[in-house]
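To keep things clear, I will list the structure first and then write my remarks on it.
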Amino acid sequence: MTTRFDQGPWAAAGVQTVQPGVHRVPLPLPNDGLHAVNVYLLEDLADDGGLVMIDGGWAIPEARKTLEEALAAIDRDLGDISHILVTHIHRDHYTHAVELRRLLGSRVYLGAGERPGLEMLDRLRSDEPVSSLQTLRRAGAGELADRIRAMDHGGFDPSVWEAPDRWLAAETLRFGDRELRVVPTPGHTKGHVVFLDEQRGLLFSGDHVLPHITPSIGFELTEPGGRPLADYLDSLRLMNRYADARLLPAHGPVSDSTHTRVAELLAHHDDRLAKSLTALGEDTLDAHGVARKLGWTRRAVPFGELNAFNQMLAVNETAAHLDVLVLEGRLTVASVGGVDQYTRVR
């Protein structure tokens, strides 16, 4: 699950020039424990002298104002943004990109794996986290699913969920003399992508690799299913096939080594797999039952002390870990009345 941490100065409004022509701008988030999302402005990519922006932010007036002020600080304005490359479909990354396109005519790019989620959202016309609620019910947390469903989810605004101009696959985008490699990294969402600037040794990692927190797994707009944690672990290992690069994440400060953080994240999930197995013990339990036995966040907060939203993330993450243990042959799973029950292989 995504856990809170000491925000420090990284979330403060302003511009950090990572290196000449590459600027980090944290945009505010409403009522969100993360406080900010980093977008990146690349000055020397677009053929027309415009700016390429990586991730869009959340479509709120405060984000627009902060972005305008940041652009002015580097002697630019909104009209210079010609392309917006979005790492994934969550609202804190995608919705402001769509608004900027409507205002500026910018071209918006998004990973092709997000298409089913966007199409499902268009059919449902609701901001309710439908797939996460289905996962909760499969995990034996039906009462929690009912509480989440009854919450105010802010109302659905179809205007910020329009399709991108281009769907991205595993490919290389060329801007003048420079290139950005698009690397699909399913796990956090099915269509998450990262953008690798191999010439400059920079990885724009979205929520795939974060410096101080672990991203939620499988927090989808589309139908649940598949193996989100197994996919995520494979996507983490994929990062080691490329030369190490500076880590430019969506949340948190820039750090020097992607490979170092990948190793830490893999070790973290190994630890959570072991703790999930221990929590299950010799019992047969659903994921909700196992989640209630585990500590959460780096402070090992008891499950009962989490708010409903974070309980949802905790249960769904536990289900993802238990499903990996099934894939590894260490557990069996049987559906009883629509609820998955896990048992240790003896």
With heavy-atom distances below 4.5 Å as the criterion, would you say the side chains of [X] and [Y] are in contact?
X	Y	result
Leu202	Gln19	yes
Ile81	Arg107	no
Arg227	Asp234	yes
Pro215	Tyr232	yes
Leu180	Leu196	no
Leu203	Phe195	no
His96	Leu67	yes
Val290	Lys293	no

How long is the straight-line distance from [atom2] of [Y] back to [atom1] of [X], given to the nearest 0.5 Å?
X	Y	atom1	atom2	answer
Asp231	Thr185	CG	OG1	10.5 Å
Ser205	His251	OG	NE2	9.5 Å
Leu110	Leu85	CG	CG	10.5 Å
Leu280	Leu322	CG	CG	7.0 Å
Thr318	His288	OG1	NE2	9.5 Å
His268	Ile213	NE2	CD1	11.0 Å

Intermediate values then yes/no, salt bridge (Lys or Arg N to Asp or Glu O under 4.0 Å), Arg246 and Asp197: CA-CA 10 Å; Arg246 293 186 76 188; Asp197 185 334; over 6 Å; no

Would you find a donor on one side and an acceptor on the other, under 3.5 Å apart, between the side chain of [X] and the backbone of [Y]?
X	Y	result
Arg344	Leu277	yes
Gln199	Glu179	yes
Asp92	Val37	no
Thr297	Arg299	yes
Tyr40	Pro249	yes
Trp161	Ser159	no
Asp55	Gly57	no
Ser257	Thr260	yes

Strictly below 4.0 Å, N to O, side chains only: are [X] and [Y] in salt-bridge contact?
X	Y	value
Arg101	Asp165	yes
Asp270	Lys275	no
Arg91	Asp157	no
Arg137	Asp146	yes
Glu143	Arg147	yes
Lys65	Glu68	no

Quick check: closest heavy atoms across [X] and [Y], and the distance to 0.1 Å?
X	Y	result
Thr258	Asp244	N-OD1, 3.0 Å
Val193	Gly111	CG1-CA, 4.0 Å
Glu282	Arg346	O-NH2, 2.8 Å
Phe303	Gln311	O-NE2, 3.2 Å
Ala13	Thr66	CB-CG2, 4.2 Å
Val39	Gly56	CG1-C, 3.9 Å

For the residue pair [X] and [Y], is the inter-centroid distance of their aromatic rings smaller than 6.0 Å?
X	Y	value
His208	His188	no
His321	His269	yes
His192	His90	no

List in chain and number order the residues that pass side-chain contact (heavy atoms from CB on, under 4.5 Å) with Pro26, two or more places apart in sequence or in another chain; answer none if no residue qualifies. Arg24, Ala36, Asn38

Stepwise side chain to side chain contact (heavy atoms under 4.5 Å, CB included) check, Val86 with Val108: CA-CA 7 Å; Val86 183; Val108 174; 4.2 Å; yes

Please determine whether residues [X] and [Y] belong to a single hydrophobic cluster, defined as Ile, Leu, Val, Met, Phe, Trp and Tyr linked transitively by side-chain heavy-atom distances below 4.5 Å.
X	Y	value
Val339	Leu285	no
Leu247	Leu266	yes
Leu327	Leu331	no

Would Ile84 and Tyr109 count as a side chain to side chain contact (heavy atoms under 4.5 Å, CB included) if you check the C-alpha gap in whole Å, the side-chain angles of each, and the deciding distance to 0.1 Å? CA-CA 6 Å; Ile84 308 174; Tyr109 294 20; over 6 Å; no

Given side chain to side chain donor-acceptor pair (under 3.5 Å), test Glu114 with Thr189 step by step and report yes or no. CA-CA 8 Å; Glu114 303 290 41; Thr189 67; 2.7 Å; yes

Would Tyr342 and Asp323 count as a side chain to side chain donor-acceptor pair (under 3.5 Å) here? Give the steps. CA-CA 9 Å; Tyr342 297 89; Asp323 287 341; 2.7 Å; yes

Can you tell which of Asp80, Leu78, Asp77 makes a side-chain contact (heavy atoms from CB on, under 4.5 Å) with Leu104?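 The single option meeting the side-chain contact (heavy atoms from CB on, under 4.5 Å) with Leu104 is Leu78.
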
Could you check Asn310, Asn316, Val315 and say which one makes a side-chain contact (heavy atoms from CB on, under 4.5 Å) with Leu313?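 When Asn310, Asn316, Val315 are each tested with Leu313, the side-chain contact (heavy atoms from CB on, under 4.5 Å) holds only for Asn310.
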
Cation over ring face, Arg64 and Trp58, 6.0 Å, 45°: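 Checked: cation-pi criterion not met.
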
Working for ring pair (Phe, Tyr, Trp, His ring centres under 6.0 Å), residues His259 and Tyr242: CA-CA 9 Å; His259 287 179; Tyr242 301 100; 9.1 Å; no

Would His93 and Asp207 count as a side chain to side chain contact (heavy atoms under 4.5 Å, CB included) if you check the C-alpha gap in whole Å, the side-chain angles of each, and the deciding distance to 0.1 Å? CA-CA 10 Å; His93 296 255; Asp207 283 3; 3.4 Å; yes

Looking only at side chains, do Ser106 and Ser82 share a donor and an acceptor under 3.5 Å apart? no

Stepwise side chain to side chain contact (heavy atoms under 4.5 Å, CB included) test for Thr332 and Val345: CA-CA 6 Å; Thr332 60; Val345 173; 3.7 Å; yes

